[in-house]
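Following: one structure in structure tokens, then a few remarks.
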Amino acid sequence: MQEHYDHKTIESKTQEIWSSKEIYKAIEYSKNIYGSIKPKFYACSMLPYPSGKLHMGHVRNYTINDVMARYKRMNGFNVLMPMGWDAFGMPAENAAIKSKISPAEWTYKNIKYMKSQMQSIGLSIDWSREICACDPEYYKWTQWLFLKMLENNIVYQNTQIVNWDPVDQTVLANEQVIDGHGWRSGALIEKREIPGYYLRITDYADELLSDLDNKLQEWPEKVKIMQSNWIGKSEGLRFAFKHNIRDKNNNLIQNGNLYVFTTRPDTINGITFCGIAPEHPISIHLSQNNKTIQNFIDQTKIGTNTEAEISTKEKKGIFTGLSVNNPITNEEIPIWICNYVLMSYGDGAIMGVPAHDERDFEFAKKYGIPIKQVISNKNFEASNTSEWKEPYRETKDCYLINSGIYNNLDCKSAAIAISKEIIKKKIGDYKTTWRLRDWSISRQRYWGTPIPIIHCPNCGSLPVPYDQLPVKLPENLTPDGNGNPLNKDNNFVHCICHKCSSNAKRETDTMDTFIDSSWYFMRYTSANNKNEAIDERNNYWMPIDQYIGGIEHAVLHLLYARFWTKVMRDMKMLSFDEPITRLLCQGMVLNHSFSVRTKNGGIEYFNPDDVEAVRDSNNVIVSYKLINSEKFVEYNGIGTMSKSKNNGVDPQSIINNWGADTARLFIIFASPPEQTLEWSNSGIEGANRFLRKLWRICYTHKEYIISSNSNNKRDIISLNNKKSLMDLRRDIHSLLKQCNHDYERLQYNTIVSASMKMLKSIEYFCKQESTILDNNSISVLTEAIGILLRILYPIVPHITYVIWENLNYNLVHGNIIDSTWPTHEEEALISEKIKIIIQINGKLRGSFFASTNENEEKLKNIAIKTESVSKYILNKNIKRIIVVPNKLINIVLND
Ligand code: ANZ
Ligand code: ZN
């Protein structure tokens, strides 16, 4: 054992050993030393996009995963921790446009570097199962699954609306449209309707919703709420306003029915307008010979119309000049075209009740539409709605007013009574409406999984035969920003129809990259199978026991993965319903941010490492300035690490300078996995100091421990009731008990604090004992350090691995990686507590409980710090402290 802790050699050596021995290769059905099959544990992190280099968020994610994997392995589980690359997608194309290298080259280069970074963190990944979304060996099976879904009527073709950039002649993703203009060309973006493929996720809406509660007990509540809102089940009434509006061929539009969907039939008497979407058939009809309406509709189409954006957008509308009649009151109701009414939801039309709906209220206020109150609580009658600042949205203990025969009914009964009346009139019925839409998966992009379809002039669209998979994506194209390069690649586009042998064209759309990540975690289980997407090993490992990733994937990725699993189950490929048993969303990594306003009104950000605090004479921070400069900067507080704020910390420089173990220890210690983590350079230093201290104490006592382990004296501890031995064992075993509890509930940060306490107790013990230890002391010390090393090993695997070997612990417990996890001994915890009285100058001032024969210094310390006592000794000199063992402490003050 070297005298000094040298992270560089330790970490590179251990990593070399681990990889050469393929120590983390997971083998199905592996057995324990007693010959019985180990339970499996599948721990998986969301696979990264190969953007170039790892950021601190990745490191945190994989470290948490690794701690869990190593802990579970020592606890007798057969653990799988795989890794892969979400390697298709737009950043590769954007990089290609910028630097003129092919997306393939850029992606593979990034993967190579990021993989080396991951290896330097010392993760226990089974690299033999590595998968990469842009590898034909992987996407062949994505295409295969797509074709199976086509066969099973899960895939269908329909038109989709896309953002068309008329200058670049290309389809843009929503995030490439900025304020209605193309990100590169600046051109005004048009909406175009083109054909595309869809997956019937709405067929699974019910199950996706009910399984949140029934099967995902170990998912964070907030993720389940987000998914449930996204699925958006709404129960209400759908009914028609009868109308007489005819199109140019004199046919009644939609057979004379203007259908609306409402969740509040009780408010029907409060309707003061009808709102229709800009894409509604009535709107389209009107726009054909009305320029003002046409212009209004065009205006609403600018920009991306995501639901979230629409809800915050200013409400705008235009009166159509038309009206319908309220089916209950027969009042005349004007029809407006409204920008906040979505064509894609319900029927693309609403009954406007401004008195009780927020959006309608805002709209009515703006356009002077009457606001008619029809709901009130018991205590007040109709109030003057023109003075309202907000709609009245209560329903609990509320009753109808201004509603004719329905007056005085409570909201719920009124909703039922009015619905019955509408149903009786045969103009409507109860209806469940879903917010979830079918999944549009066609992208007019190069760098994605090719959709395995050909278009033949004779036979139409045909699926590529299974034996011709994969449809390989050419890797040598370089997009230039002008359309999809696949369209211009004759080698790719041209093909022969397998049915009629005429010249046909390949589909050049590729799949949404969320498809790649919807099933990759299953491919890990069968990664080397060349003949099947998955095999029986999938049923061994799946479902994932612990999935770890960012909260930003709470909805889309996790919902698609759940959907995909259910589809595969219905295609008889799986025997489970949900892919992920337990989910953990790790918190963000934060750092301070500093900036100055530039002359032209912009903001320039400075890296926190370049900034120092300026303090006044009382050492209070008064301002901040750049190091080695007189330039003052503004402190913006703490926020997510990001490139745009220039406050990222490069994990590689931390690992190079301090070592992976230090980085891991800090990350785990700084906060519990689900909370945000504040970066701190002093925290890194502290973590490193702790590791050096651990090394030093082990080094100092190495001869004793080595001999103890070599003679395997572990079981012959005879304590002889020696207090120091009992104390140390009590400390170690009670902390161990806490650690085991914390490991199970993933409260990893407190494990680090417990290990720090263990090391303190060990240090204290060693100071107390004489320099030459007797056999019992050696045994207790060996036991204590053996426990500490194992508790720390999942968090700092390199240093503990090396110390463990150097101190011959493997002779007794085997390799630390597979050694058994320590369990505390209840007997070691027993300590007799006695009441100790505290006196000051002989007067009773307090008391506390302590173990029998507690160390005198410790007792004195406790006494001084006891609350009822400390105020008497504040600013006084203590002359001496008298300890009467197991009875009292008398503090004598100078007067
Ligand atoms: C009248 C009403 C009165 C409404 C009231 C609400 C409160 P959830 O619950 O999210 O499903 N709505 C219906 N179709 C719409 C569309 N295409 N675009 C925009 N809004 C639409 O929302 C259902 C409610 O959303 C419906 O109930 C309707 O407004 C509106 F005091 O009808 B309500
Ligand atoms: Zn053909």
Side-chain angles (χ1 to χ4, degrees), residues 87-107 133-134 136 139-140 142-143 146-147 150 155 157-177 182-187 189-198 440-464 468-498 502-516:
F88 274 137
M90 288 214 315
E93 292 193 42
N94 295 343
I97 293 170
K98 229 169 117 183
S99 53
K100 307 215 165 23
I101 59 170
S102 73
E105 194 186 334
W106 184 83
T107 304
C134 64
Y139 68 67
K140 171 183 179 177
T142 309
Q143 292 173 335
F146 175 89
L147 293 180
L150 193 67
V155 175
Q157 216 185 3
N158 203 344
T159 56
Q160 52 172 348
I161 306 216
V162 295
N163 307 303
W164 176 255
D165 183 326
V167 171
D168 271 352
Q169 294 281 305
T170 189
V171 174
L172 298 184
N174 282 342
E175 55 272 26
Q176 292 176 315
V177 180
W183 67 303
R184 259 168 45 84
S185 67
I189 295 308
E190 300 163 9
K191 301 274 175 203
R192 275 209 179 173
E193 216 170 287
I194 60 168
Y197 289 92
Y198 285 81
S440 157
I441 58 126
S442 295
R443 297 289 179 274
Q444 296 68 41
R445 306 251 135 241
Y446 160 43
W447 196 236
T449 302
I451 294 179
I453 297 278
I454 64 164
H455 304 287
C456 167
N458 303 322
C459 316
S461 300
L462 294 176
V464 172
Q468 289 179 21
L469 296 182
V471 175
K472 273 202 184 171
L473 186 71
E475 292 199 347
N476 55 349
L477 307 183
T478 308
D480 54 10
N482 200 308
N484 178 355
L486 284 178
N487 286 324
K488 300 173 221 164
D489 188 50
N490 278 334
N491 281 338
F492 179 79
V493 175
H494 175 75
C495 62
I496 302 292
C497 172
H498 51 270
S502 38
N503 282 332
K505 283 185 162 181
R506 264 187 212 294
E507 173 65 58
T508 55
D509 281 358
T510 55
M511 296 184 202
D512 179 3
T513 56
F514 274 119
I515 290 194
D516 307 329

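Panel note: side chain Arg445, backbone Asp512; no donor-acceptor pair is recorded below 3.5 Å. No side-chain donor-acceptor contact under 3.5 Å links Trp447 to the backbone of Pro91. The backbone N or O of Ile189 lies less than 3.5 Å from no partner atom in the side chain of Asn163, so there is not a single donor-acceptor pair.
Applying the side chain to side chain donor-acceptor pair (under 3.5 Å) test to pairs two or more places apart or on separate chains, those with a residue in residues 449-463 are Thr449-Asp516, His455-Ser461, His455-Glu507, Asn458-Ser502. Residues in residues 93-103 take part in no side chain to side chain donor-acceptor pair (under 3.5 Å) pair, two or more places apart or across chains.
Annotation: side chain of Phe146 is not in contact with side chain of Pro463 (no heavy-atom distance under 4.5 Å). Using a 4.5 Å cut-off on side-chain heavy atoms (C-beta onward), Tyr197 and Ile453 make contact.
With sequence neighbours excluded, the residues that form a side chain to side chain donor-acceptor pair (under 3.5 Å) with Thr142 are Trp519. With sequence neighbours excluded, the residues forming a side chain to side chain donor-acceptor pair (under 3.5 Å) with Arg184 are Asp168, listed by chain and number. The side chain to side chain donor-acceptor pair (under 3.5 Å) search around His498 returns none, not counting sequence neighbours.
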Please determine whether side chain to side chain contact (heavy atoms under 4.5 Å, CB included) holds for the pair Val171 and Trp164, giving the CA-CA distance in whole Å, both sets of side-chain angles, and the decisive distance to 0.1 Å. CA-CA 5 Å; Val171 174; Trp164 176 255; 3.8 Å; yes

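Here Thr510 contributes atom OG1 and Ile441 contributes atom CD1; the two are 9.0 Å apart, rounded to the nearest 0.5 Å. Taking CD1 of Ile451 as the start and CG of Leu147 as the end, the distance is 10.5 Å to the nearest 0.5 Å.
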Ignoring hydrogens and angles, write down the donor-acceptor pairs under 3.5 Å from the side chains of residues 468-479, residues two or more places apart or on other chains.
unit_1	atom_1	unit_2	atom_2	d
Glu475	OE2	Tyr108	OH	3.3

